[in-house]
Amino acid sequence: MSRILDKLADQHEERIINVLYRLEEDVIKEVTRATKGQLVSQRLAIQLQPRIRNLIETTFLNEADLIINEEYNKIAKVVLDTFGEMPIPNKFKSLTEVDLATINALKTQVFSGFEDIAERFLKVINDEVYQSTIAGRPFEDMVKNIRQHINGVYQQSNTREINELVDFINENKFDNAKKTQVDEAISKLHTQYASDRAGNNLRRYASQIAHDSVMQFHGQFTVSKAKEAGLEHYRYTGTLVRDSRPFCQTMLNRVLTEQEIRDIWNNQGWAGKSTGDPFIVRGGYRCRHTWIPTNPDWDI
């Protein structure tokens, strides 16, 4: 189960990363076409705003919508397969009308997360264009800043080595066998070429949402089915890696009641802990662990 979720999370993140490169190029092409590569007027900067919005909606948000509607039923199936292996009545192992309504509501919730981040960076990009006009920035600086707002240090560049590092990272980001080389490439990209960058860009947040939404959708639907089946205990499952958080290391394979889990969650803190429900956010951002319903009597 965890391997399936990990694979889906990685695939969704990769799709979002790829579409952001297309968005970056499309926005730059539109700004260049409209301005002919010259400093834009304030009036033209305002006129560009709906065009940039359209690009974000037809590339980034369209891809997010496709991922959610095409792929999230697979996550629901993972949940149902898990319940199908449990010694519980068959009526709790199938998809009900209530389940379908829950799934659709969760899909809407996930998409709203992508919409929120799109709206935030639409404003950032529009402000960049408008403020460049006010400040009289060189056109090339405005273009570089727009690229930075979208893809951060992974933006397209005129420097060959930067592009080679970016390509290597993108091609091998999800290959565990090359994790060390990828980490070294990321470090070089940050320290040598972007040491002054804070990482506040669309790619950073969108790729995180793409990854975490898989696990959170799974967690929410799992808890919904568990309550329906009257299951009150949960086992923390997943695989530990080099940088697993202390919470995950401590909780792995433990079986606890919902109340015990919430008590631990409310009384402990750790680096990377995110706000929210422990069954949804688990160890924190990019956590690959999940709570699976169980019954202690099954282990007897």
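Because the structure is a prediction, the values reported are computed rather than measured.
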Side chains of [X] and [Y] only: does a donor on one sit below 3.5 Å from an acceptor on the other?
{"X": "Asn69", "Y": "Asp65", "value": "yes"}
{"X": "Ser207", "Y": "Arg286", "value": "yes"}
{"X": "Glu14", "Y": "Asn18", "value": "no"}

If every non-hydrogen atom of [X] is compared with every non-hydrogen atom of [Y], which pair is closest and at what distance?
{"X": "Val281", "Y": "Thr275", "answer": "CG1-O, 3.6 Å"}
{"X": "Leu20", "Y": "Arg203", "answer": "CD1-CA, 3.4 Å"}
{"X": "Ala64", "Y": "Phe114", "answer": "CB-CG, 3.7 Å"}
{"X": "Ser132", "Y": "Met142", "answer": "OG-CG, 3.3 Å"}
{"X": "Ser244", "Y": "Thr239", "answer": "OG-O, 4.3 Å"}
{"X": "Gly84", "Y": "Lys93", "answer": "O-NZ, 3.5 Å"}

### Query
Going through the distances and angles, do Ile103 and Tyr72 end up as a side-chain contact (heavy atoms from CB on, under 4.5 Å)?
CA-CA 9 Å; Ile103 289 171; Tyr72 274 55; 6.0 Å; no
### Query
Does one hydrophobic cluster hold both Ile292 and Leu240, with members joined at side-chain heavy-atom distances below 4.5 Å?
no
### Same apolar cluster: Phe279 and Val214, side chain cutoff 4.5 Å
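In one cluster: no.
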Do [X] and [Y] make a side-chain contact, defined as non-hydrogen atoms from C-beta onward lying under 4.5 Å apart?
{"X": "Tyr285", "Y": "Gln208", "value": "yes"}
{"X": "Arg22", "Y": "Phe60", "value": "no"}
{"X": "Asp10", "Y": "His211", "value": "yes"}
{"X": "Tyr234", "Y": "Val223", "value": "yes"}
{"X": "Leu8", "Y": "Gln11", "value": "yes"}

### Query
Counting only heavy atoms not in Glu70, do more than 12 fall under 6.0 Å of its CD?
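Yes, enclosed.
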### Query
Do Arg33 and Asp26 pass the salt bridge (Lys or Arg N to Asp or Glu O under 4.0 Å) test, and can you show the C-alpha distance, the side-chain angles, and the key distance before you say yes or no?
CA-CA 10 Å; Arg33 184 197 64 77; Asp26 287 348; over 6 Å; no
### Query
Under the ring-ring contact (aromatic ring centres under 6.0 Å, His included) test, which residues partner His289, sequence neighbours left out?
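Residues passing ring-ring contact (aromatic ring centres under 6.0 Å, His included) with His289: Tyr236.
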So, taking the atom named [atom1] in [X] and the one named [atom2] in [Y], what distance separates them when rounded to the nearest 0.5 Å?
{"X": "Arg15", "Y": "Glu13", "atom1": "CZ", "atom2": "CD", "value": "13.5 Å"}
{"X": "Asp127", "Y": "Gln49", "atom1": "CG", "atom2": "CD", "value": "8.0 Å"}
{"X": "Phe139", "Y": "Lys36", "atom1": "CZ", "atom2": "NZ", "value": "11.5 Å"}
{"X": "Ile280", "Y": "Met215", "atom1": "CD1", "atom2": "CE", "value": "13.0 Å"}
{"X": "Ile28", "Y": "Lys144", "atom1": "CD1", "atom2": "NZ", "value": "12.5 Å"}
{"X": "Ile150", "Y": "Asn201", "atom1": "CD1", "atom2": "CG", "value": "9.5 Å"}

N-O pairing of [X] and [Y] below 4.0 Å:
{"X": "Arg147", "Y": "Glu128", "answer": "no"}
{"X": "Lys74", "Y": "Asp81", "answer": "no"}
{"X": "Glu232", "Y": "Lys227", "answer": "no"}
{"X": "Asp116", "Y": "Arg120", "answer": "no"}
{"X": "Arg53", "Y": "Glu119", "answer": "yes"}
{"X": "Glu25", "Y": "Lys29", "answer": "no"}
{"X": "Lys225", "Y": "Asp99", "answer": "yes"}

### Message
Determine whether Met86 and Trp298 satisfy the following criterion, side-chain contact (heavy atoms from CB on, under 4.5 Å), listing intermediate values before the conclusion.
### Response
CA-CA 9 Å; Met86 296 178 183; Trp298 297 344; 3.9 Å; yes
### Ring-ring centroid check Trp291 Trp265, cutoff 6.0 Å
no
### Query
Yes or no on side-chain contact (heavy atoms from CB on, under 4.5 Å) for Ile264 and Leu256, after CA distance, side-chain angles and deciding distance?
CA-CA 10 Å; Ile264 292 173; Leu256 301 166; 3.8 Å; yes
### Task
Check the pair Leu202 / Ile117 against side-chain contact (heavy atoms from CB on, under 4.5 Å), numbers first and verdict last.
CA-CA 7 Å; Leu202 179 56; Ile117 199 66; 4.0 Å; yes
### Message
Using the rule side-chain hydrogen bond (donor to acceptor under 3.5 Å, both in side chains), only one of Arg262, Gln220, Arg282 pairs with Asp277; which is it?
### Response
Arg262
### Query
Okay, side chain of Glu260, backbone of Thr257: is any donor-acceptor separation there less than 3.5 Å?
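Yes.
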